[in-house]
Chemist: 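I'd like to ask you about the structure that follows.
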Protein chains: 2
Amino acid sequence: MSTLSDVAALAGVSISAVSRVLSNAPSSRVSGATRTRIEDAARELNYHPNFAARALKFSRTNVVALVVPDLTNAIFSELMRGVEETAAELGYMVLLARAESMQPAAATMARLVGEGRVDGVLVQVGDNTTTEDLAGILDGRVPAVLINSRREDHVGSVILPDEAGVAVAVDHLVRLGHTSIGLVNGLPTTDSAVRRRVGFESAMAAAGLPVNPDFVTSLGYDPQQGRRAMHVLGALPNGPTALVVANVNAALGLLVESRTLGIQVPGDLSIVAIHDAWTAENAWPPLTTVRMPLYELGRVSMAAIFDRIRSEEIDDIVVTEPGPELIVRLSTAAR
Amino acid sequence: MSTLSDVAALAGVSISAVSRVLSNAPSSRVSGATRTRIEDAARELNYHPNFAARALKFSRTNVVALVVPDLTNAIFSELMRGVEETAAELGYMVLLARAESMQPAAATMARLVGEGRVDGVLVQVGDNTTTEDLAGILDGRVPAVLINSRREDHVGSVILPDEAGVAVAVDHLVRLGHTSIGLVNGLPTTDSAVRRRVGFESAMAAAGLPVNPDFVTSLGYDPQQGRRAMHVLGALPNGPTALVVANVNAALGLLVESRTLGIQVPGDLSIVAIHDAWTAENAWPPLTTVRMPLYELGRVSMAAIFDRIRSEEIDDIVVTEPGPELIVRLSTAAR
DNA sequence: CCGCGTTGCTCAATCGTTTGATCAATCGCT
DNA sequence: AGCGATTGATCAAACGATTGAGCAACGCGG
C-alpha cells in the first residue's frame, strides 16, 4: 500500500503535485512532462488513495448502510441489486447490515453513524421491528430513508404501490370466478401490511364483493406465520376459495400446511402471493405471484438518500414504475 | 458528531487527557476528578471516536469483507451469523459483499484492500467464480481466507467435512434399503463438489455398493440445475431409487421437476439433500437433509482471518465439530 | 531593463486521534 | 530546607490526502 509521498518521491515532485494530477483537478496547472512522470510512478507503485485519509479530510465516506431484517430473504435480492447499482453510479459503496433483532441493530446503526462510518442509512424494517426502535436514528441528525414503511415523525421514505399490488391479485382471482377471497397479511403493526389491507378492501369493494373478517389474518410475513394462518383458515367451516397472501415466504409455509390439512391447491384453494422470488417457481404447485418493483425500489431509495446527503432535501416517495405485474403459475384456478 | 476537542473544551482539559481517559489506557495517570469530568462531558456530547481518524492512525480498520456469490442463499444465513458473531467478539465489523456486484471481482477486492477499507477478505467462492477473479488475493499480499474451497496455490482456507456429510446421507439411504443410489452434484470445477464426490464413492464402497456413473450428475448447485439433473435422471430406463443431492437449493428445483415428470417422492424416489435451510422444511414433501456446521464454519473462518491479519500465520482448516447431522423429514422412505 | 501576469510547482495547514516526550507541581525522605 | 521521584497534566508529531496561499522563473510590453 503505497502513499502519495511514495509516488512523489519516485516521480521527484511534491505530494501536492501528485495529488493534483491524480485527482484530476481542473485548475491543476501541471506540465505535460511531470504529469506523465507522476502517472507512471503511480501506476508502477499501484497507488490507491487511502480511504481513511480521504474520509477524514472530507468528513464523508461515500458509504451508505443498508439495513434489512434478514439478508437471506430472497425478496431482498432485487432490492439490494437496485441499491448497489445506483450506489455505484453515484460513487457510493453499500455496507450491508443484518438486523435480526432491532435492539442491537439500533445500537449498531447509531455506532455506524456516530463513528462516521457511513454518510447515511437505508432502513428496511421487518416484522418484529417497531419503528420505535429506530427513534434514535430517525431524529433527523442522520440522513435516513425508510424503505417500505412510513412514519409520521420522519420525512424520507420510499414505498411500493402496495394497494395496487393487492388489487392486481384480487382482480386475478375475481376474473377466475372467485367471490370468497381471504387475505393472509403481515402484522398490523407493519406499515406495508396496513396498506395491503386497505388495498384489499378497496379492490374487493370495487369488485362488489364483501370482505369477510374471518377470512383475514394478520400474523406475519414469514413461513411459520403462513402455516399458522392456513391452520386458522382451514379450521373454518366455510372457508374462502382463494387467498391473497401478502408475502411469498408466508405462502410457502401456507402451502405446506395446506398439504398437511389435505387441502388441494389450486383445486380447493387458489393462492396468489405478493412478491416474486425464485422460491415461488420452485414450490409445488409453482406459485402465482404479483411481482413488485423491488429493483426500482432499491434504485429510488439510493437516489433518495443521495439527495438527502447532498442537499438536505427529501420526500416521501411511492415507486410506481413499473407497476405490479401478475405472474401466473399453477397455484390459481378457475372456480 | 462531536470530536475530542469538543469534549476537551467542555471538560476544560487537553485533548490528550480526553483521549487517554476514553481509550482506557492503563498507563494513563489521571486523577479521579478529571476522569469523571471527562466521562461526563463525553456522555453529554454523545462522543464517538471518529472511525476514519482511528483507521488512519492505526492503518487498520478492524473491518473484514465477506464475499459471497449470492447473499440471498438461505444456506449462507448461518455462515454469516457465525462470521459476524465472532467478528464482534474480536472487535471487528463485517462488510458484506455480493460477488455479482463486484465486476470485475478481482479489481473490486484489490480496491477494497488497496484503499485500506478492509484489513482482510473472506471469500466464499461460488459456481461461477473464476480463478481470475481470485488472482488478486492469491499473491498473498492481501490477507485472505477461502471458505469452502482449497487451492494448491493459496494457503488459508476453511472447509466443511464434505465427505462425512455425504457419508451420513448415503448411510441413511442404505439403512432404508436402497442400493441404487445416485448423486446430484455441483460443477466438477467446484472444490466442494470434488470432495462430495469422493465422499460419495467411499461411502458407497463402504456399504459394498457399486457407483453407477449414469446416476451421477455434476451440473451445479442451483435450483435450475437441480431441475436439469432430475430431467436427465428421469429419462433413464432404470433410474436410481434414491438420490443424494449435494445442495438443498438444487433439491428444490429437482423436486419440482420430479412432479412434472410424475415421479413420486418418496414413493418412487427418495431424496436427501446436503445443507439444511428453512426452505427445506417448507418444501413438499419436506426435505430430509444433512445439516452441515455452517455456523461454526463462519466462526472458524473469522478466527482464521483474524490470526492471519495479526500474525501472518494461517492454515488450511477443516471444521469437524459438530459433525454433519441427519434431519429426517418426509422425502426419504424405505425401499 | 523594469514591472506585471502567467506558469509550474512547493509549503503548510487541516481533518480527528494517538502517544512519546515534556513540564510543572506536589510528595517523601533525610 | 533541599532534592529526587512521582503525579497529573499538556505539547507536538505523526497517520495520508487535499487545497489555498506562496514563490521562483519566465515571457512580454513599454
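Letters go in sequence order (proteins before strands), and every chain restarts at 1.
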Chemist: Between the side-chain atoms of B:Arg20 and the base atoms of C:dT17, is any donor-acceptor pair under 3.5 Å?
Modeler: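 A donor-acceptor contact between them is absent.
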
Chemist: How many whole angstroms separate atom CZ of A:Arg37 from atom C1' of C:dG8?
Modeler: 12 Å

Chemist: Send over the distance from B:Leu45 CG to C:dG16 C1', rounded to a whole Å.
Modeler: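 After rounding, the reported distance stands at 15 Å.
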
Chemist: Could you give the CZ-to-P distance, from A:Arg35 to C:dC9, as a whole number of Å?
Modeler: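 A:Arg35 atom CZ is separated from C:dC9 atom P by 10 Å.
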
Chemist: Is the shortest side-chain N/O distance from A:Thr3 to OP1 or OP2 of D:dG16 below 4.0 Å?
Modeler: no

Chemist: Hey, does A:Asp315 have a side-chain heavy atom less than 4.5 Å from the side chain of A:Asp307?
Modeler: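 With C-beta onward as the side chain, the pair stays apart.
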
Chemist: Can you tell me the distance, in whole Å, between the NE2 atom of A:His48 and the P atom of D:dA17?
Modeler: 12 Å

Chemist: Can you tell me if B:Tyr221 and B:Ser192 form a side-chain donor-acceptor pair at under 3.5 Å?
Modeler: yes

Chemist: Atom CG of A:Asn50 to atom C1' of D:dC15: distance rounded to whole Å?
Modeler: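 Between C1' of D:dC15 and CG of A:Asn50: 8 Å.
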
Chemist: Give A:Ser31 one of three labels, base, sugar-phosphate or nothing, depending on what nucleic acid heavy atoms sit under 4.0 Å from its own.
Modeler: sugar-phosphate

Chemist: Of the options C:dG8, C:dT19, C:dG16, whose atoms approach the side-chain atoms of B:Ser19 most closely?
Modeler: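 In terms of side-chain proximity for B:Ser19, the closest of C:dG8, C:dT19, C:dG16 is C:dT19.
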
Chemist: Does any non-hydrogen side-chain atom of A:Val113 lie less than 4.5 Å from one of A:Val121?
Modeler: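 SC-SC contact between A:Val121 and A:Val113 confirmed.
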
Chemist: Between the base of C:dC11 and the side chain of A:Ser16, is one N or O donor paired with an acceptor at under 3.5 angstrom?
Modeler: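 Answer is yes: a donor-acceptor pair is held.
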
Chemist: May I have the distance from B:Arg117 (atom CZ) to D:dG16 (atom P), rounded to whole angstrom?
Modeler: 17 Å

Chemist: Taking for each residue the nucleotide of DNA chain D with the nearest heavy atom, is it A:Leu4 or B:Gly12 whose nucleotide lies nearer the 5' end?
Modeler: B:Gly12

Chemist: Is the Lys NZ or Arg CZ of A:Arg60 less than 6.0 Å from the centre of A:Phe58's six-membered ring, within 45° of the axis?
Modeler: yes

Chemist: Checking contacts here: which listed nucleotide (D:dA9, C:dG8, C:dT18) is nearest the side-chain heavy atoms of A:Arg29?
Modeler: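 Taking heavy atoms from C-beta onward, the closest nucleotide is C:dG8.
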
Chemist: Can you identify which nucleotide, out of C:dT17, C:dG16, D:dA9, has its nearest atom closest to the A:Leu56 side chain?
Modeler: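 Of the options given, the side chain of A:Leu56 lies nearest C:dG16.
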
Chemist: Roughly how many Å is it from CG in A:Leu22 to P in D:dA17, rounded to a whole number?
Modeler: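 So the CG-P distance, A:Leu22 to D:dA17, works out to 10 Å.
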
Chemist: Looking at A:Ser14 and C:dC9, is any side-chain donor or acceptor paired with a base atom of the opposite kind under 3.5 Å?
Modeler: no

Chemist: Under 4.5 Å between any side-chain heavy atoms of B:Val18 and B:Tyr47, yes or no?
Modeler: no

Chemist: Would you say A:Tyr47 places a side-chain N or O within less than 4.0 Å of OP1 or OP2 belonging to D:dA17?
Modeler: yes

Chemist: Can you measure A:Arg60 atom CZ to C:dC15 atom C1' for me and round it to whole angstrom units?
Modeler: 13 Å

Chemist: Out of D:dA9, C:dG16, C:dT19, which nucleotide sits closest to the side chain of B:Ala53?
Modeler: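 Of the candidates, C:dG16 comes closest.
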
Chemist: Test for a donor-acceptor pair under 3.5 Å between the base of C:dG16 and the side chain of A:Arg54, counting only N and O atoms.
Modeler: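 Per atom types, no contact qualifies.
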
